[in-house]
Amino acid sequence: MDKEQIKEEIIKKLRRTIGVTPDEASNEDIYVAVSCTVRDLVMDRWAEANKQVHHSGNKRLYYLSAEFLMGRALTNNMINLELYDAYRDALGELGFDLDRIEEQEADAGLGNGGLGRLAACFLDSLSTLEMPVTGCCIRYEHGLFRQLIEDGEQHEAVDNWLEHGNLWEIARPEDTVEVRYGGHIEEVWTDTGVSFKHEGYTSVVAYPYDMPVIGYESKMPATLRMWQARAKTKLDMKNFNRGDYARAVEESALVEAISQVLYPEDNHHQGKLLRLKQFYFFTSASMQFLVRRHKKFHGDVRTLPDYYTIQINDTHPTLAIPELIRILLDEEGLSWDEAFDIAFRMFNYTNHSIMREALERWNENLLKELLPRIHKIITVIDQKLRESIWQKWPGDWSKIDELAILNRGEVHMANLCIAVCGRVNGVSQLHANIIKTQTFRDFYVLYPEKFIGVTNGITIRRWLAKANPALTAEIESRITRSFLKDYRDFEKLRNWEGNAEFIEAAARVKQENKERFAAYLEAKQGSVIDPHTMFDVQAKRLHEYKRQLLKILHVLCLYFRVKDNPHTFMVPSTFLFAAKAAPGYYMAKEIIRLIHSVAWLIDSDPAVRDVLKVVFIEDYNVSVAEQLMPAAEVSEQLSTAGLEASGTGNMKFMLNGAVTIGTMDGANIEIYDAVGEDDIFIFGARAEELRAMDRLCSYDPRAVYDANPELKRVVDSLVSGVLPVASNKQFHDIYNALLHYGSHKADRYFVLHDFASYDKEFTKLMAAYVDRDKWKAMSARNTICSGIFSSDRTIHEYNEMVWHLKAIE
Ligand code: 26W
């Protein structure tokens, strides 16, 4: 389509779908009309592609994930259809600004953080690589909460992303399935053996909506299938007729609660019944649908593994395994051996966190009561696993204790995954090694061939072409646009390494992006920042292991230095924080409060506020990240070594030319390998050092504190009264977490330990920053070396090692 055709189509949609003329249309009307025209184009390709997969018998990936953090669709789709410029011009001629139109769309915030955003990037890459995939998740009525800051504290408001409807989804009533909970299992004996009858259950309707996700110039859009929970009958007429209206709708409300809301805990497992219902809900629906579709096109369930491969995104969708086995046994009449064999060939599992509190374990009785048949199947898998453990380590009960699925009244989901899945992967090289040598050490002895590492990636369509069009233009004018389709072409940028013109051009773009971001932030929340200061950014979920605390304590340290000595060397800096804390995570919320307190302290001090500024960016989400990444100059990646599985924000910053200051953790290590020691700032203890300290209980934070007067002053200020706080509430709990508790538990995340090392490296970073030519070259080199972090490369590796899909011709 060209500009004129686009104008025509938009006007037609305005008239026919909305009933307004262009001169009467609001931004929202235009958003709807424009989206409909883009959707039409996506739909055409989607229909063709799905038909081709069904008939060609190409293998399809089912990517099961409790979260898909999609963000907005409209302009991303335009870019991937290579129609962005045409649309922008067409709209301009109609008197509309595409940037304003874009803002009409609510973010699809169906995820917490890294795991959910990774799933979204994967769909874009899979489609770009023309590989067939269906992502399966829950259609949460409310995604991740909106963050409000009042008096420096986080409050939560409900996310209403569906309020104005969702143009990107299509209901598929014909694919509705039923999911059953509770009840009991009757054994029925016949001549041919035993079969099982589920009785007394409660059923929930799983109602699907599909969203097409189109990659760059793709003929194979991905499908995101979102399941909504519905009651079989909305209204219980018996109660209604008796006049009991509340009771009449009560049951349906209870049922529909299943897809009401995304749980906001990240990296922290709590065994809530509703959450277990959610997980079974979408995995059961997805497996029933998969089997149904397979039978429709290919007949025999025994050939399932030839047509489908399934990826389990962390353990949340684990119940898909016993659910598929249940369908094969109870509904398709296969034997245990046949059903197991099929499951063993279809499932794979990605681990995303080694934090103890992230490992999912469910109370066995809870699971048994909610899902009696699934429990029974898990018992049989557990039995099989125990047999292989016993064979490997005869007589060693401690191994069984550690590796069994059912143990001490709990169901260990990771163990179930590893027992059944063909491949188990970590998400960075370090993380894959930790999994093999620590977290799942004995499993690695039992099944060495299963364990692999596939380093995460990010889609360069969204995180470069969409977020940073100016930098994209500079790159494209040198190496053409082909890298958007073929990630290997990004390497051509290496020829521009050290090229003064490219370096200057990238620096000019960075400055413009900083200015645009400053304007954006002022409009968004009234914060005024100076685009001529250094933009230093830490943006990620708030978690103690990510150590936002280390950063803010260091800012306090800088504050005291400037205050004591106005001539101290200091790069005028803006420290930007963006982070949501889980609503029930007290320490994380305290850290948000502290960041605001330090911001106020500096703002109120004329001696310091011209060189230092702290701003907390409210309500961080995908769309905010798209504005932020291109403007960042310093990327803060401070996690305690060994605890950040990969990180993907680190890659987004690098791609956009920010220089990393970070620990040797997760993918930071691979960023270091890619860019080389001169263009990154590495600090802090290594993972092995910290492990040794943990093992020997040799870390003494108080000794660190006593030995460093500057650090002591900073820590003391948490409780001394110098920090401005609402209602006189100081920061005793943070202070105590650093110094007190039983000695072995104080400063669990080694903040004080790494403080001096961070400070030293930050000083080096500031020296590099003022050497303008040097810094610009560093920044450009970070972009140039970031090609391996394309999620297209990640998908390529999964495909070689795990899925073996064929691209559609
Ligand atoms: C059950 C509670 C719970 C909820 C979410 C446990 C664990 C999670 C996620 C797996 C946490 C998560 O998002 N992990 C992040 O995954 C990213 C993608 O692989 C990595 O880049 C991050 O390092 C990792 O923290």
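Note: hydrogens, waters and symmetry copies are ignored here, and every other heavy atom, side chains too, is used. Computed from a predicted structure; not experimentally measured. Starting from 1, each residue takes its place in the sequence as its number. Each ligand, and each atom within it, is numbered from 1 in the order the structure gives.
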Could you tell me the residue and atom name of the protein heavy atom closest to [atom], and the distance to it rounded to 0.1 Å?
{"atom": "atom 22 (C) of ligand 1", "result": "Glu644 OE1, 3.4 Å"}
{"atom": "atom 24 (C) of ligand 1", "result": "His352 O, 3.5 Å"}
{"atom": "atom 1 (C) of ligand 1", "result": "Arg275 NH1, 3.5 Å"}
{"atom": "atom 2 (C) of ligand 1", "result": "His268 O, 3.2 Å"}
{"atom": "atom 21 (O) of ligand 1", "result": "Gly647 N, 2.8 Å"}
{"atom": "atom 9 (C) of ligand 1", "result": "Leu115 CB, 4.2 Å"}
{"atom": "atom 3 (C) of ligand 1", "result": "Asn267 N, 3.6 Å"}

- prompt: Taking atom types as modelled, is there a side-chain donor on Glu67 or Asn112 under 3.5 Å from an acceptor on the other?
  reply: yes
- prompt: Any chance the side chains of Tyr585 and Gln154 put a donor and an acceptor closer than 3.5 Å?
  reply: no
message: Treating Gln278 as the side-chain partner and Val261 as the backbone partner, does any N or O pair qualify as donor plus acceptor under 3.5 Å?
response: yes
Main-chain N/O of Ser125 paired with Asp792 side-chain donor or acceptor, under 3.5 Å: no
Which ligand 1 atoms, with their elements, are less than 4.0 angstrom from a heavy-atom of [X]?
{"X": "Asp314", "value": "10 (C)"}
{"X": "Glu265", "value": "4 (C)"}
{"X": "Tyr545", "value": "25 (O)"}
{"X": "Asp266", "value": "11 (C), 13 (O)"}
{"X": "Ala645", "value": "23 (O)"}
{"X": "His269", "value": "1 (C), 2 (C)"}

- request: Say whether His431 and ligand 1 are in contact under the criterion: heavy-atom distance to a ligand atom below 4.0 Å.
  value: no
Any Phe279 heavy atom less than 4.0 Å to ligand 1: no
message: Quick check on ring-ring contact (aromatic ring centres under 6.0 Å, His included): which of Tyr62, Tyr798, Phe122 does Trp803 satisfy it with?
response: Tyr798
Any non-hydrogen side-chain atom of [X] less than 4.5 Å from a side-chain atom of [Y]?
{"X": "Leu64", "Y": "Met287", "value": "yes"}
{"X": "Thr660", "Y": "Phe681", "value": "no"}
{"X": "Arg461", "Y": "Lys466", "value": "no"}
{"X": "Leu319", "Y": "Leu276", "value": "yes"}

statement: Closest to atom 18 (C) of ligand 1 by heavy-atom distance, out of Thr350, Asn456, Val427, is Asn456
query: Out of Gly114, Gly116, Gly113, Ser639, whose heavy atom sits nearest atom 17 (C) of ligand 1?
result: Gly114
message: Please evaluate residues Thr455 and Glu670 with respect to the criterion side-chain hydrogen bond (donor to acceptor under 3.5 Å, both in side chains), reporting the C-alpha separation (whole Å), side-chain torsions for both, the decisive distance (0.1 Å), and the verdict.
response: CA-CA 9 Å; Thr455 300; Glu670 287 152 81; 2.4 Å; yes
- line: Checking Arg462, Lys652, Met651, Met654 against Met629 for side chain to side chain contact (heavy atoms under 4.5 Å, CB included), the one that qualifies is Lys652
